[in-house]
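Structure, as structure tokens:
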Amino acid sequence: HGEYSYDPAYHGPFLFHSTAAVFHFLGITDTTSRLVPVLFGVATILLLFLLRKELGKNGVLWSMFLLAFSPSMVYFSRFFRNDMIIIFCTLAAVTGTFRYLDSIHSLKRYPYLILAASSLAVAVSSKENAYIILAVFGAYAGLGFLYWICSDWKKENMGLKKTLRSKTSALLPYLPEIILSGALSVLIIMFFYSSAFRYDVSLFSIVERAFNHWMEMHRIERIGGPFYYYIPILLRYEIPVVLFGAAGFFYFLFNRVRNKGQNYSFFLFLCYWALTSLLLYSYIQEKVPWLVVHIVLPFGLLAGAFLGEVFSKKNKDGQPKKPDYPGKIRALLTVILVLTLLVFISQCISVNYYRSMEDEELITYTQASPDIRILMEKIEGFNESPDTLRIYVIDQYQLYWPLPWYLRDYERAAYSSKPPSSSKYDAIIVPISCDMYRELSEEEYSSYNFTLRPGRDFTLYYNNKLEQQ
């Protein structure tokens with residue numbers, strides 16, 4: 001009926017509202033249904049240009065390459081899911097914050113503050129792991145603030161009260177704009193959750209429902225898995241990101257010579273972000289392949305920055321750069337890079353264009369089987385139109401998605417957990433274990449077995465008259 005009611009199991013409203021707008025202007029098709037995640041995936045790559053100061057020109061290009069050809073990033077960028085929206089918003093919040101701090105004494109800081117605030121608001125309006133991101137970033141900001149106070153307290157040899165007074169006075173001029181940006185975030189969140197302020201909903205109830213639902217899912221281990229669940233996925237599909245991201249982690253964290261005044265605060269944060277993402281998503285008992293992109297993002301930036309520095313012939317000033325490693329080590333790194341990139345790109349092509357629905361792939365999970373296309377060709381070939389075809393879908397667990405999507409134009413399609421009370425239907429879809437020939441005549445009805453999703457096999461029974469021309 002065009003109404004939205006928040007259910008944490010289906011995540012936030014942003015994807016639904018934005019896709020509804022796309023449907024309104026461009027029509028309802030498989031392509032338009034995936035347009036919003038695709039656009040956010042592309043925008044994520046372009047957003048990296050704003051981190052040129054931190055990553056360097058070569059680092060940006062390497063990061064763009066790794067994320068653009070990442071098998072998991074490409075794979076989930078074309079899904080009707082919220083994760084690529086979250087990926088963009090996370091990177092936009094990081095980018096906006098560092099650009100804001102870099103322009104703190106300039107009027108240029110305001111657009112970056114708005115970018116960070118609005119991105120976090122859209123993230124909260126998209127999916128509940130936005131709260132994880134807020135906790136991770138908030139903890140780092142809190143620790144950074146305490147370090148700022150304590151380091152100056154020791155350095156300037158002042159009393160604690162005097163140091164706090166000094167720091168408070170330094171922050172006071174920026175407090176109004178920070179409060180206003182927070183108000184903007186709340187306004188955006190409430191706009192989406194209330195469907196443009198048409199329904200009464202409170203911010204507290206939104207957060208409470210999100211936490212209660214997903215904490216319970218974690219407690220009961222609804223989709224549980226081992227702590228190392230994401231490691232095989234990362235090693236199979238993201239090998240250069242993992243190897244060079246890990247190398248970048250130690251390179252930027254412990255290379256004291258390199259770190260003198262060269263964006264050390266950014267890389268310290270990046271290492272923290274990568275490590276906490278890996279640990280938190282490994283701990284949370286909601287183990288699904290699409291969450292791996294939230295680990296790939298920070299490691300992809302670390303890998304890109306590391307490769308940009310190791311294989312750069314010039315420093316950031318344009319002067320010839322002394323190699324960080326001896327010739328033999330650089331040669332070894334080059335061989336490893338070439339070999340891992342060959343695997344990386346071949347996996348990207350294979351899993352996205354040839355094996356995207358194969359349940360043997362670690363990255364696939366609930367995808368519809370290729371059988372769904374054959375099923376729809378059969379149904380569309382019936383001599384009854386979508387307006388008149390009476391088709392019934394039955395499953396006692398109501399696990400028949402995505403049939404409602406593919407049968408969306410069939411006005412007389414019905415769905416139930418029990419068989420219909422009458423036989424006034426032209427076709428019926430039931431789990432394969434349900435033998436409808438005990439109620440239907442084999443002479444009048446034909447059948448077609450198909451796999452809807454891995455482990456979900458169904459049978460279409462249809463009246464033979466439907467194939468008569």
Side-chain angles (χ1 to χ4, degrees), residues 1-20 23 33-34 36-37 40 75-76 78-87 89-90 120-135 188-195 198-225 229-230 280-294 363-368 393-408 415-417 431 452-456:
H1 302 292
E3 298 178 1
Y4 172 79
S5 178
Y6 175 51
D7 183 345
Y10 297 98
H11 308 305
F14 180 81
L15 180 59
F16 301 115
H17 289 319
S18 56
T19 303
F23 285 167
S33 70
R34 299 174 179 184
V36 171
F40 274 92
Y75 193 77
F76 294 114
R78 57 194 184 88
F79 267 54
F80 184 73
R81 292 202 60 83
N82 304 271
D83 293 276
M84 293 316 298
I85 300 171
I86 295 285
I87 286 292
C89 291
T90 305
L120 290 175
V122 171
V124 171
S125 303
S126 297
K127 195 177 180 184
E128 292 74 17
N129 66 327
Y131 299 112
I132 296 175
I133 295 162
L134 285 171
I188 293 172
I189 293 169
M190 298 310 297
F191 175 84
F192 286 111
Y193 277 96
S194 65
S195 297
R198 288 186 295 168
Y199 305 106
D200 186 23
V201 62
S202 71
L203 183 62
F204 176 79
S205 68
I206 293 167
V207 177
E208 182 185 34
R209 289 173 69 182
F211 270 84
N212 287 344
H213 177 82
W214 290 108
M215 289 300 290
E216 178 64 13
M217 295 302 102
H218 170 75
R219 187 187 69 81
I220 65 174
E221 299 186 13
R222 183 187 68 136
I223 313 177
Y229 175 85
Y230 295 105
L280 281 173
Y281 285 106
S282 297
Y283 168 73
I284 294 170
Q285 286 302 318
E286 189 73 10
K287 298 293 198 303
V288 283
W290 47 82
L291 291 179
V292 77
V293 297
H294 304 285
I363 210 169
T364 62
Y365 191 70
T366 58
Q367 285 79 335
V393 181
I394 300 171
D395 181 48
Q396 69 178 92
Y397 304 109
Q398 298 186 346
L399 297 175
Y400 39 63
W401 181 261
L403 287 176
W405 167 257
Y406 286 101
L407 296 173
R408 63 188 179 276
Y415 305 88
S416 176
S417 58
L452 183 64
R453 298 196 307 271
R456 302 296 300 166

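Residue numbers start at 1 and run along the sequence shown.
You'll find the ring centres of H218 and Y283 inside the 6.0 Å limit.
Using a 4.5 Å heavy-atom cutoff, the side chains of I189 and V122 are not in contact.
Here R209 contributes atom CZ and W214 contributes atom CH2; the two are 13.0 Å apart, rounded to the nearest 0.5 Å. With values rounded to the nearest 0.5 angstrom, N82 atom CG is found 11.0 Å from W290 atom CH2. We find the CZ-OH distance between F76 and Y365 to be 11.0 Å, quoted to the nearest 0.5 Å. Summarising the geometry, atom OG1 belonging to T90 is positioned 7.5 Å from atom CG belonging to N129; distances are rounded to the nearest 0.5 Å. Within the model, atoms CZ of F14 and OG of S125 stand 8.0 Å from one another, a figure rounded to the nearest 0.5 Å. The CE atom of M84 sits 12.0 Å away from the OG atom of S126 when rounded to the nearest 0.5 Å.
The environment of CZ in F23 is crowded: more than 12 heavy-atom neighbours from other residues, nucleotides or ligands sit within 6.0 Å. Environment of CG in D7: crowded, with over 12 heavy atoms of neighbouring residues, nucleotides or ligands closer than 6.0 Å.
Side-chain N or O atoms of K287 include none that pairs as donor or acceptor with a backbone N or O of Y230 at under 3.5 Å. Side chain of S18 to main chain of L15: a donor-acceptor pair is present (N/O by atom type, distance under 3.5 Å, no hydrogens or angles). With hydrogens and angles ignored, the 3.5 Å screen pairs no side-chain donor or acceptor of S195 with any backbone N or O of R198. Judged purely by atom type and a 3.5 angstrom limit, H294 has no side-chain atom pairing as donor or acceptor with the backbone of I87. Using a distance-only test at 3.5 Å, with no hydrogens or angles considered, a donor-acceptor pair links the side chain of Q285 to the main chain of G225.
The side chain to side chain donor-acceptor pair (under 3.5 Å) check on Y75 picks up Q367, with sequence neighbours excluded. Shown here are the side chain to side chain donor-acceptor pair (under 3.5 Å) partners of R81, two or more places apart in sequence or in another chain: D83. For S33, the side chain to side chain donor-acceptor pair (under 3.5 Å) criterion is met by no residue, not counting sequence neighbours. Among residues two or more places apart in sequence or in another chain, the side chain to side chain contact (heavy atoms under 4.5 Å, CB included) test is passed with S194 by F197, V201. Applying the side chain to side chain donor-acceptor pair (under 3.5 Å) rule to Y229 yields no partners; only residues at least two apart in sequence or on another chain are considered.
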inquiry  = I'd like to know whether K127 forms a side chain to side chain contact (heavy atoms under 4.5 Å, CB included) with I85, so could you lay out the CA-CA distance, the side-chain angles of the two residues, the decisive distance to 0.1 Å, and finally the verdict.
reply    = CA-CA 9 Å; K127 195 177 180 184; I85 300 171; over 6 Å; no
request  = Please report the C-alpha distance between Y6 and F192 in whole Å, then the side-chain angles of each, then the deciding distance to 0.1 Å, and finally whether the side chain to side chain contact (heavy atoms under 4.5 Å, CB included) criterion is met.
outcome  = CA-CA 10 Å; Y6 175 51; F192 286 111; over 6 Å; no
ask   = L134 and V124: side chain to side chain contact (heavy atoms under 4.5 Å, CB included), yes or no, with the steps?
value = CA-CA 9 Å; L134 285 171; V124 171; 3.8 Å; yes
Hey, can you pull the donor-acceptor pairs under 3.5 Å for the side chains in residues 396-408, sequence neighbours left out?
from	atom 1	to	atom 2	distance (Å)
W405	NE1	D30	OD1	2.8
R408	NH1	W405	O	2.7

